[in-house]
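Nothing here was measured: the structure is a model prediction, and the numbers come from that model. In the text below, chain A, chain B and the rest are named by the order of the sequence lines, each starting its count at 1.
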Amino acid sequence: MNRLTMLGWLAIALIAVGSVLGLVVLPADALQGEVQRLLYVHVPVAWVMMLAFFVVFLMSILYLVQRRLKWDLLAVSAAELGVVAAVLTLILGTLWGRPTWGIWWAWDPRITTTALLVPIYTGYLVVRSMAEDPDRRARWAAVIGLIAFVQVPIVYLSVFWWRSLHQPPSSPQSMWSAYGLVMLLGFVAYTLAFAYLWLRRYRLAATELELELSGPEEG
Amino acid sequence: MSALARRAAAILWKDILSETRTRQGFTAMLSFAALVLFMFSFAIGVDNDLLGRLAGGLLWVAIVFTGTLSLGRTFQNEELAGGTRLLRLYPGDVRAIYLGKLAGNLVVLAALEVVLFPAAAILYGVDFAAQAGPLLLVAALGTFGFSVIGTFFSALTVHLRARELLLPLLLFPALVPVVLASVGATEAFLAGDPLGRATGWLRLLASYDVILFVVCVWIFPVVLEE
């Protein structure tokens with residue numbers, strides 16, 4: 001078993017342990033009830049989303065500086081995961097919000113900004129899929145990856161001024177320690193899962209590019 | 001005048017000349033903008049109070065929709081005749097192309113707004129004239145931000161298939177701060193700014209304009225590489 005596969009199994013094992021702890025072992029939240037258990041997935045997945053988009057930004061910069069296609073492939077692999085994580089965050093969030101806040105959708109800065117991240121990085125992926133030449137494709141994608149990261153904090157700030165409802169992020173003091181530990185486990189587990197999927201997707205992208213560059217007559 | 005500004009001005013003048021020779025693009029754009037204003041009334045109904053309260057938001061959405069169509073043409077005409085490649089061959093910083101095109105879009109959007117603001121005032125029954133000074137500042141900052149981002153993404157998408165679809169997809173999320181701040185400031189000024197919120201919106205808008213302008217100018221040469 002190679003190291004990457006081991007990483008994948010480790011992530012699955014930790015997610016399984018975290019799920020058992022969060023779903024069965026820990027008691028339901030006194031105020032929010034059973035639905036609070038969703039947060040053990042919602043919060044780590046939201047973290048993975050931010051991590052993924054930060055990776056896109058870093059890889060975009062590296063590509064623009066060094067012009068090696070490797071960085072572009074790493075960026076697009078992270079962008080795909082980021083979009084999936086963003087959609088998952090939104091779905092889990094609305095499922096949690098309906099019983100807790102009484103509404104499916106609140107026009108809150110974090111929700112609204114997360115929802116806007118989906119079209120932003122979908123745009124990134126669509127632009128990539130439409131450009132034929134690998135170098136051009138990488139260049140345009142890197143530019144979008146960089147601009148997106150500049151605009152997102154200001155999008156957040158502007159929506160924050162526009163309206164605010166989301167509860168502030170839970171600090172360790174606001175959470176009972178066992179909850180905090182399971183949450184921490186979630187962060188580690190989902191980050192490892194991200195790392196595994198990211199590197200797997202990168203290998204696939206590298207193989208695809210190799211095939212593309214080798215031309216149709218040989219492939 | 002520096003060489004960069006002179007080159008940018010030359011590109012602006014070229015575009016103004018070619019636009020004023022036909023005027024088709026601008027006429028179509030104005031008609032479209034008027035139709036958007038009508039569509040809002042059709043969707044909302046003839047409730048003059050309601051339309052008056054929504055006027056700031058409706059006006060900016062009309063500007064963004066119409067402006068996006070016009071921004072898409074920034075590099076399209078150029079590209080049809082292989083013009084971008086020729087422009088790149090001229091000596092000097094390619095950023096002049098961005099600055100010239102940006103100035104052109106500012107002129108077009110300003111011309112659009114000169115018509116659109118009075119039209120909205122008449123159709124929605126709001127008195128923009130009473131707050132003319134502050135609203136002029138909002139319009140200037142909002143239009144600048146819109147053009148900065150729009151010109152940039154227009155250059156980025158011009159080579160792509162389905163660019164008509166991709167430009168709004170990239171542009172609209174980036175415009176969120178511009179739209180929120182412009183609408184926020186417009187509505188605050190129209191209401192006489194009782195809560196003093198307009199200044200905050202203007203500051204946010206100005207900061208976003210500056211940040212995006214710096215980033216776009218800095219990175220533009222990468223977009224235009226062959």
Mind listing the closest non-hydrogen atom pair of A/Met130 and B/Leu160 along with its distance?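 Closest heavy-atom pair between A/Met130 and B/Leu160: CB-CD2, 3.9 Å.
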Kindly give the heavy-atom pair with the smallest separation between B/Pro173 and A/Val155, and that separation in Å.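 The pair with the smallest heavy-atom distance is O-CG2, 3.8 Å.
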Would you compute the distance between atom CD1 of A/Ile144 and atom CG of B/Leu166 and round it to the nearest 0.5 angstrom?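 CG of B/Leu166 is found 8.0 Å from CD1 of A/Ile144.
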With a 6.0 Å cut-off (strictly less than), is the heavy-atom count around CD of A/Gln66, excluding the residue itself, greater than 12?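 Count over threshold, so yes.
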So does B/Leu165 have more than 12 non-hydrogen atoms from other groups sitting under 6.0 Å from CG?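 Result for CG/B/Leu165: open.
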Beyond-backbone contact of A/Pro119 with B/Leu169, side-chain heavy atoms, under 4.5 angstrom: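 When only atoms from C-beta onward are counted, B/Leu169 and A/Pro119 do touch, with a gap below 4.5 Å.
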So A/Ser158 and B/Val176, do their side chains get closer than 4.5 Å, heavy atoms only?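 They are in contact (side-chain heavy atoms under 4.5 Å apart), so the answer is yes.
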Please state whether the side chain, the backbone, both or neither of A/Ser129 comes within less than 4.5 Å of a heavy atom of chain B.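 Only the backbone of A/Ser129 comes within 4.5 Å of chain B.
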Does any heavy atom of chain B fall under 4.5 Å from the side chain of A/Arg137, the backbone, both, or neither of them?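 For A/Arg137, neither part sits under 4.5 Å from chain B.
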Interchain contact, [X] with chain A, by part (heavy-atom threshold 4.5 Å):
X: B/Phe172; answer: neither
X: B/Arg163; answer: neither
X: B/Ala174; answer: both

Picking from A/Val127, A/Val126, A/Leu117, which has the most non-hydrogen pairs under 4.5 angstrom with chain B?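 Sorted descending by pairs with chain B, the first entry is A/Val127.
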Considering only heavy atoms, give the residues of residues 185-196 of chain A separated from chain B by less than 4.5 Å, sorted numerically, with 'none' for an empty result.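 Result: none.
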Could you point out which residue of B/Val215, B/Leu156, B/Ile149, B/Leu170 forms a side chain to side chain contact (heavy atoms under 4.5 Å, CB included) with A/Ile147?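 Testing A/Ile147 for a side chain to side chain contact (heavy atoms under 4.5 Å, CB included) against B/Val215, B/Leu156, B/Ile149, B/Leu170 leaves exactly one candidate, B/Val215.
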Which residue out of B/His159, B/Arg161, B/Glu225 racks up the most heavy-atom pairs below 4.5 Å with chain A?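 With the most close heavy-atom pairs to chain A, the winner is B/Glu225.
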Could you go through the side-chain contact (heavy atoms from CB on, under 4.5 Å) check for A/Val143 and B/Phe152 one step at a time? CA-CA 10 Å; A/Val143 168; B/Phe152 185 83; 3.4 Å; yes
